[in-house]
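To start, the structure under review is shown below, and the notes come after it.
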There are 2 protein chains.
Amino acid sequence: MLSFTEENYLKAIYKINEKTKERASTNAIAEIMQTTAASVTDMMKKLSNKNLITYERYKGSKLSSQGAQIATSLIRKHRLWETFLVEKLSFSWEEVHELAEQLEHINSNKLIERLDEYLDFPKYDPHGDPIPNAEGKFTLREQIKLSQLNIGEEGNLIGVQNHDDQFLEYLNELNIKLGSRITVTKKVLYDKTYNIIVDNEHTVQISEKVANNLMVKKILAL
Amino acid sequence: MLSFTEENYLKAIYKINEKTKERASTNAIAEIMQTTAASVTDMMKKLSNKNLITYERYKGSKLSSQGAQIATSLIRKHRLWETFLVEKLSFSWEEVHELAEQLEHINSNKLIERLDEYLDFPKYDPHGDPIPNAEGKFTLREQIKLSQLNIGEEGNLIGVQNHDDQFLEYLNELNIKLGSRITVTKKVLYDKTYNIIVDNEHTVQISEKVANNLMVKKILAL
DNA sequence: TAATATTTTTAGACTGCTCTAAATTTAGAT
DNA sequence: ATCTAAATTTAGAGCAGTCTAAAAATATTA
Ligand SMILES: [Mn+2]
Ligand SMILES: [Mn+2]
Ligand SMILES: [Mn+2]
Ligand SMILES: [Mn+2]
């Protein structure tokens with residue numbers, strides 16, 4: 001049985017490995033865990049002793065297959081709970097992450113499999129992130145940044161890169177949500193803003209930063 | 001913010017205060033918490049400093065109104081989660097207690113109020129125990145032990161005194177569940193066993209111990 | 001390559017919760 | 001009233017997780 005803390009460290013390493021592929025540095029882990037490098041070093045020794053990571057002094061850490069399996073199961077629980085909160089309890093997508101941070105540590109296989117079934121085996125969470133199945137397999141899809149669309153092209157929003165509450169609330173204001181059909185009508189070269197039409201209804205202007213955080217599936221022209 | 005441990009101590013004191021009314025003794029708390037008297041003493045000082053209990057050396061502990069409020073909210077969460085697991089996720093009544101012990105520590109008023117609403121504001125949990133409402137008020141009902149019924153009298157099962165997995169599984173075997181109509185047909189004086197009819201369908205024999213653990217609402221004869 | 005800056009580890013300490021063993025207080029029995 | 005047993009507290013220590021400060025290793029730069 002792992003402590004919440006140990007589980008969170010595994011998740012942190014997973015998150016780093018996800019993008020950089022290389023071994024997670026002590027400082028990078030400390031940054032995510034909001035703690036000091038010294039504390040991280042202590043924990044790395046502990047997780048290494050439990051064979052959940054491979055750790056070499058001064059070289060960083062990497063999840064072992066067992067560690068990766070646990071991290072994936074945490075991701076699974078996290079995203080299923082987020083889906084539950086949105087689908088069944090009418091939470092909105094910016095409210096669920098913090099709660100899922102608590103709920104992901106509830107320890108019961110039976111519970112999580114029943115929840116999965118109750119939600120009808122969702123493949124994506126309220127932010128469009130893939131939910132690993134019971135075997136740890138993710139269902140990936142082709143997706144591009146909204147900023148990669150050309151003028152006149154359209155896409156359906158299938159995910160957000162950044163999960164920040166403030167960003168999600170901003171999207172709410174703009175009536176942009178998962179599934180929204182987005183048409184790019186103009187790119188202003190000067191300040192790199194975009195003019196887009198949301199769901200064929202309202203036109204809004206967004207910054208490049210926002211356009212880079214919206215992941216869409218391109219709708220092919222007829 | 002209280003730790004899980006502190007919350008569990010408050011629940012333990014609540015449980016003792018519930019039946020004995022007197023101050024909870026250090027040993028009684030240790031027994032429930034599965035720990036030593038020395039640990040309890042330490043924690044009593046701590047909870048006392050936080051004004052969650054009144055504690056006097058050698059005299060035992062009692063919840064303050066603030067402590068009682070927290071304990072009640074834990075009971076509320078525990079019983080709502082149990083109800084959720086049974087009603088929505090098809091768990092059976094003997095499986096849910098341990099899981100609720102984890103879930104009751106999830107910290108979010110919004111979550112628990114939404115859950116309450118989602119379950120349609122249940123007044124009793126899967127074991128027939130009353131669920132305090134958001135203000136901490138319990139809905140009590142008249143109930144007597146099955147053993148208090150006379151020959152020929154009937155009652156509906158509305159609760160179980162003992163929540164032991166094994167006891168609940170035994171009731172499953174006998175097809176006895178909340179709501180079951182139970183008719184007492186015979187009391188054997190020699191070994192104090194009871195013959196009862198469950199739901200007008202099958203006759204079973206139960207011991208006095210079982211009869212004392214079944215709480216019923218007497219059905220008045222026409 | 002040598003000096004400097006950055007990263008990481010170690011050393012030592014602190015808090016929260018736990019334990020055992022010993023001391024103290026209270027309750028019960030004669 | 002005194003002795004004994006039971007309950008409770010205190011003393012002292014250990015483990016998990018955290019921190020700061022100092023030392024060591026690695027990376028960067030001149
Ligand atoms: Mn999340
Ligand atoms: Mn998510
Ligand atoms: Mn319970
Ligand atoms: Mn219950």
Side-chain angles (χ1 to χ4, degrees), chain A residues 1-13 15-17 19-63 67 70-71 74 101-102 104-105 107, chain B residues 1-13 15-17 19-63 67 70-71 74 101-102 104-105 107:
Chain A
M1 194 70 285
L2 300 180
S3 69
F4 286 18
T5 308
E6 289 170 317
E7 290 191 339
N8 284 333
Y9 271 98
L10 291 178
K11 261 205 319 171
I13 298 171
K15 216 175 288 181
I16 295 166
N17 280 173
K19 48 183 68 164
T20 69
K21 295 292 172 196
E22 290 172 29
R23 281 182 283 198
S25 76
T26 300
N27 262 354
I29 297 168
E31 167 71 27
I32 291 181
M33 292 296 294
Q34 301 270 59
T35 187
T36 62
S39 299
V40 174
T41 301
D42 285 350
M43 184 57 86
M44 293 307 102
K45 288 176 185 166
K46 197 173 156 195
L47 293 175
S48 183
N49 281 334
K50 294 190 177 186
N51 290 311
L52 299 174
I53 63 171
T54 54
Y55 163 70
E56 224 180 317
R57 274 161 82 252
Y58 293 104
K59 299 281 154 87
S61 307
K62 206 169 166 327
L63 294 174
I70 292 170
L74 286 164
E101 288 290 315
Q102 293 184 59
E104 71 190 7
H105 299 290
N107 179 25
Chain B
M1 193 69 287
L2 299 181
S3 69
F4 286 17
T5 308
E6 289 169 318
E7 291 191 338
N8 285 333
Y9 271 98
L10 291 178
K11 260 203 322 169
I13 299 171
K15 215 174 291 180
I16 296 167
N17 279 173
K19 48 183 67 166
T20 69
K21 295 292 172 196
E22 291 171 27
R23 282 185 281 200
S25 75
T26 300
N27 262 356
I29 297 168
E31 166 71 25
I32 291 182
M33 293 296 293
Q34 300 271 57
T35 187
T36 61
S39 299
V40 174
T41 300
D42 285 350
M43 184 57 85
M44 294 308 101
K45 288 176 185 166
K46 196 172 156 197
L47 293 176
S48 183
N49 281 335
K50 294 191 178 185
N51 291 312
L52 299 174
I53 63 171
T54 55
Y55 163 69
E56 223 179 316
R57 274 161 81 252
Y58 293 102
K59 300 279 154 91
S61 306
K62 206 169 167 325
L63 294 173
I70 293 170
L74 286 164
E101 288 289 315
Q102 293 185 57
E104 70 189 7
H105 300 291
N107 180 25

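First the proteins, then the strands, lettered A, B, ... as listed; each starts at 1. Computed from a predicted structure; not experimentally measured.
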Are the side chain of A/Asn17 and the backbone of A/Glu22 linked by a donor-acceptor contact shorter than 3.5 Å? yes

Do the side-chain N or O atoms of A/Tyr9 get closer than 4.0 angstrom to the phosphate oxygens (OP1, OP2) of D/dA16? no

Side-chain heavy atoms of B/Asn8 within contact of B/His105, under 4.5 Å: yes

Once you round it to whole Å, what is the distance between C1' of C/dT9 and OH of A/Tyr55? 7 Å

Report the distance from atom OH of B/Tyr58 to atom P of D/dA5, rounded to the nearest whole Å. 19 Å

Over how many whole Å does the gap from A/Arg23 atom CZ to C/dT8 atom C1' extend? 14 Å

Can you tell me if B/Arg57 touches the phosphate of C/dT26, counting only side-chain N or O atoms and a distance under 4.0 Å to OP1 or OP2? no

Under the side chain to side chain contact (heavy atoms under 4.5 Å, CB included) rule, what do B/Ile32 and B/Ile13 come out as? Steps first, then yes or no, please. CA-CA 9 Å; B/Ile32 291 182; B/Ile13 299 171; over 6 Å; no

Are there more than 12 heavy atoms of other residues, nucleotides or ligands under 6.0 Å from atom NZ of B/Lys59? no

Atom pair distance, as rounded to whole Å: CD in A/Glu22 and P in C/dT7: 15 Å

B/Thr5 side-chain N/O to C/dG16 phosphate OP1/OP2 under 4.0 Å: no

Can you find a side chain N or O atom of B/Lys45 that sits less than 4.0 Å from OP1 or OP2 on D/dT10? yes

Can you work out whether B/Glu56 or A/Phe4 has the more 5'-proximal nearest nucleotide on DNA chain D? B/Glu56

Within the structure, does a side-chain N or O atom of B/Asn27 lie under 4.0 Å from either OP1 or OP2 of D/dA6? no

State the CE-OG1 distance between A/Met33 and A/Thr5, to the nearest 0.5 angstrom. 6.5 Å

Atom CE of A/Met43 and atom C1' of D/dT18 are separated, to the nearest Å, by 10 Å

Under 3.5 Å donor-acceptor, A/Glu7 side chain and A/Leu2 backbone: no

Within residues 29-42 of chain A: residues closer than 4.0 Å to DNA chain D (heavy atoms): A/Thr35, A/Thr36, A/Ala38, A/Ser39, A/Asp42

Nearest-angstrom distance from the residue atom CE of A/Met44 to P of C/dT10: 13 Å

Round to the nearest Å and state the distance from A/Met1 atom CE to D/dA16 atom P. 15 Å

Expressed in angstrom and rounded to an integer, what is the separation of A/Lys50 atom NZ from D/dC15 atom P? 14 Å

Measure up the A/Phe4 and B/Phe4 rings against each other and bin them: parallel (under 30°), tilted (30 to 60°), perpendicular (over 60°). perpendicular

